[in-house]
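Contents: one structure, followed by commentary.
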Amino acid sequence: MVYLDDSILQAGKIASAGSKMLRNFAAPFDAEVVTRLNEPCERAVLGEFGLEPPKSLPDGVLLCNDVFGHVRTVVAERGLCSLRPTYGTVSRYGLIPTACSMDQIGVVCRTPAEGFSLLARIAGHDEKDGAMFPDARYSYEKPAQAPRLHREALPYADLVEPVFHILAYAEISGNLSRYDGVKFGYRAENYKTLEELYTKTRTEAFGFETKLAAVMGCLALSQDHYAALYDKALRARRLIRDSLRFDLYDVLVLPVESRLPVLAGLPSLTFRGVQLAAGVKNEGALLAAWEALS
Amino acid sequence: MTQPYEAMAKLDLPEDERRELKLRAELFLKMCSPLANADTEGAEPLVSVLDFNSVLREDTAGQMLAREALLTNAPEQYDGYFQVPKTLD
C-alpha cells in the first residue's frame, strides 16, 4: 500500500497538510504523482506543513515532502529508508508548498530498491511544474563501478544550517501568505474588518512552529535584516553548492542525526535550541538541489 | 523585538506564545551569527537552484478549474464570488 503525505492532493479528499487551517480543504484535482501512480492510495497526516515531527509513520511506502528532516529523523530511528530525489525530477504539481526552492516529493520505504522502483514510476518532466529537468523518464540502476571515496573537510559546513533556516523560513513565510481566510481554508468568527479577519484566522489556525516560521521569515526579509540575512544567505548558498566536489567523489557520507534517538519510556534528551540543529544533516543536499538517501 | 514582524505576518500571539517566540528568535539569530563573518564577496545570489530558465511555457490556453470547483472550498461565497467583510468605509 502507498501512503500519501496529507500535503499531496487527491481529488475530493481532504488535504490538510496537518493544519487546522486546511482541515476542511477538499482537493479539487489530483497531484501529478497521484495520476502517475494510478493506484489506490491511503492518506497519512504528518506534522503541520512539515514543520513538526510526525506522531507516527504508516506501515507502508510513504510519499512526502520532508524539507525540515523531521520525517527522516523518525525513519532513521525505525531503521527505514528515506529517499529524497534530485530537485526538479519529480513533479510538485498538486503539492501544498512549503519552501519552493527545496520542496521535493520523496519516498519513505523499507529498502532502497523499493524506493527507486516507486521513484521510476513518478519521476520525469511535467510541464505543470515550472522547475523541472527536461528528461521524460529516469531509470535507477546500480552503478557499474564502486563509488569513489575521498576524505575532505567541507569548506562551508558552519554556514549550511543558518543558510538553510534563513531561506526556508523566508520561503515558508511567503507561501503562508495565501492562508488568509478568504478563498479557502479556516475562517475565524467575530471579526469586523478585513485586517481583523486575516489576523484572527491565522492566529487561531496555525500551530506554534508555523507561526514561528512565518515571523522568522518576515524578520529575514525585512528592511532591517535583508542584507545581513536573506541576501547573504543566497550568496552563501551559491558557495555551498559550488563547494560540493562531485568531480572528486560520487557520494558524500554524513551522519543522519546530531543527537541520540529518543528511547521508549525515557525522557527526551533534546532541549530548546537543539530543536533547530537536530535532524537536519541533509540541509546541504536541499541547498544544492542534490539527492539524498538515508 | 519580534512584535513588528509578528504584525507583518498577520498574527496576534497570546503572551505565552510571544515569550516562547522571542526566545526562539534569539536562538535563530545566534545560529545565524557565523554568516556575519562569512566572506561572500564576489558570489552572486543563488536565486534559482536549477541552472536553466524553465519558467516560461508556450502562451496557450490550458485546462482551468471551473468556478464552481474553486468556490467549493471558500469559507463564504455570494453570487459566484468570494465574500469578505466591507473593505472601504
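Each chain gets a letter, A, B and so on, in the order the sequences are listed, and its residues count up from 1.
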Practice task
Counting only heavy atoms closer than 4.5 Å, note whether A:Glu195 contacts chain B via side chain, backbone, both or neither.
Solution key: side chain
Handout entry: Portion of B:Ala36 that has a non-hydrogen atom of chain A nearer than 4.5 angstrom
Key = backbone
Completion exercise
Applying a strict 4.5 Å limit to non-hydrogen atoms, the region of A:Arg241 in contact with chain B is side chain
Handout entry: A:Glu209 and B:Arg24 ion-paired at < 4.0 Å
Key = yes
Exercise for the section: Decide, yes or no, whether a salt bridge links A:Glu291 with A:Arg84 under the criterion of side-chain N to carboxylate O below 4.0 Å. Expected result: no
Exercise for the section: Kindly indicate, with the supporting measurements, whether the criterion ring-ring contact (aromatic ring centres under 6.0 Å, His included) is fulfilled by A:Tyr169 and B:Phe28. Expected result: CA-CA 11 Å; A:Tyr169 282 156; B:Phe28 171 65; 5.4 Å; yes
Practice task
For the pair A:Trp290 and A:Phe246, name the ring-plane relationship: parallel under 30°, tilted 30 to 60°, perpendicular over 60°.
Solution key: tilted
Fill in the blank from the handout: Applying a strict 4.5 Å limit to non-hydrogen atoms, the region of A:Tyr156 in contact with chain B is neither
Completion exercise
Interface check, chain B: of A:Leu22, A:Asp242, A:Ile166, A:Leu221, most non-hydrogen pairs under 4.5 Å belong to A:Ile166
Exercise for the section: Select one option (side chain, backbone, both, neither) describing which atoms of A:Leu239 are under 4.5 Å from chain B's heavy atoms. Expected result: side chain
Practice task
Identify which part of A:Ala236 has an atom lying under 4.5 Å from any heavy atom of chain B, answering side chain, backbone, both or neither.
Solution key: both
Handout entry: Engaged part of B:Leu65 at the chain A interface, taking heavy atoms whose separation is under 4.5 Å
Key = side chain
Practice task
Using non-hydrogen atoms and a 4.5 Å limit, figure out which bit of A:Leu197 sits close to chain B: side chain, backbone, both or neither.
Solution key: side chain
Completion exercise
Okay, B:Leu29 and chain A: the region with an atom under 4.5 Å from a heavy atom over there is side chain
Practice task
For residues A:Tyr230 and A:His225, determine if any side-chain heavy atom of one lies less than 4.5 Å from a side-chain heavy atom of the other.
Solution key: no
Fill in the blank from the handout: Of the listed B:Cys32, B:Gly42, B:Ala25, B:Pro14, the one with the largest count of heavy-atom pairs under 4.5 Å with chain A is B:Cys32
Practice task
Tell me, for A:Ala233 versus chain B, whether the close heavy atoms (under 4.5 Å) come from the side chain, the backbone, both or neither.
Solution key: both
Fill in the blank from the handout: Most heavy-atom pairs under 4.5 Å with chain B, out of A:Leu219, A:Leu176, A:Leu159, belong to A:Leu219
Exercise for the section: May I ask you to say whether B:Arg18 pairs ionically with B:Asp12, meaning some side-chain N is under 4.0 Å from a carboxylate O? Expected result: yes
Problem - Check ion pair B:Lys30-B:Glu26 (N to O, under 4.0 angstrom) - result: no
Problem - Any donor-acceptor N or O pair under 3.5 Å, side chains A:Gln104, A:Arg92 - result: no
Handout entry: Contacting region of B:Gln77 [heavy-atom separation from chain A under 4.5 Å]
Key = neither
Fill in the blank from the handout: In terms of heavy-atom pairs under 4.5 Å with chain B, the winner among A:Arg237, A:Glu127, A:Lys183 is A:Lys183
Problem - Quiz item: cation-pi between A:Lys200 and A:Tyr191, 6.0 Å / 45° - result: no
Handout entry: Ring geometry between A:Phe25 and A:Phe184 (parallel below 30°, tilted from 30 to 60°, perpendicular above 60°)
Key = tilted
Problem - CG-NZ distance between B:Leu13 and A:Lys211, expressed to the nearest 0.5 angstrom - result: 5.5 Å
Exercise for the section: Heavy-atom distances under 4.5 Å only: say whether A:Asn24 touches chain B with side chain, backbone, both or neither. Expected result: backbone
Completion exercise
Looking only at B:Met8, B:Gln83, B:Glu44, most heavy-atom pairs under 4.5 Å shared with chain A are made by B:Glu44
Fill in the blank from the handout: Whatever's closer than 4.5 Å to a heavy atom in chain B on A:Lys192 counts as backbone
Fill in the blank from the handout: When the 4.5 angstrom heavy-atom criterion is applied to A:Thr193 and chain B, the contacting part is backbone
Handout entry: Between A:Tyr93 and A:Phe29, ring centroids under 6.0 Å
Key = yes
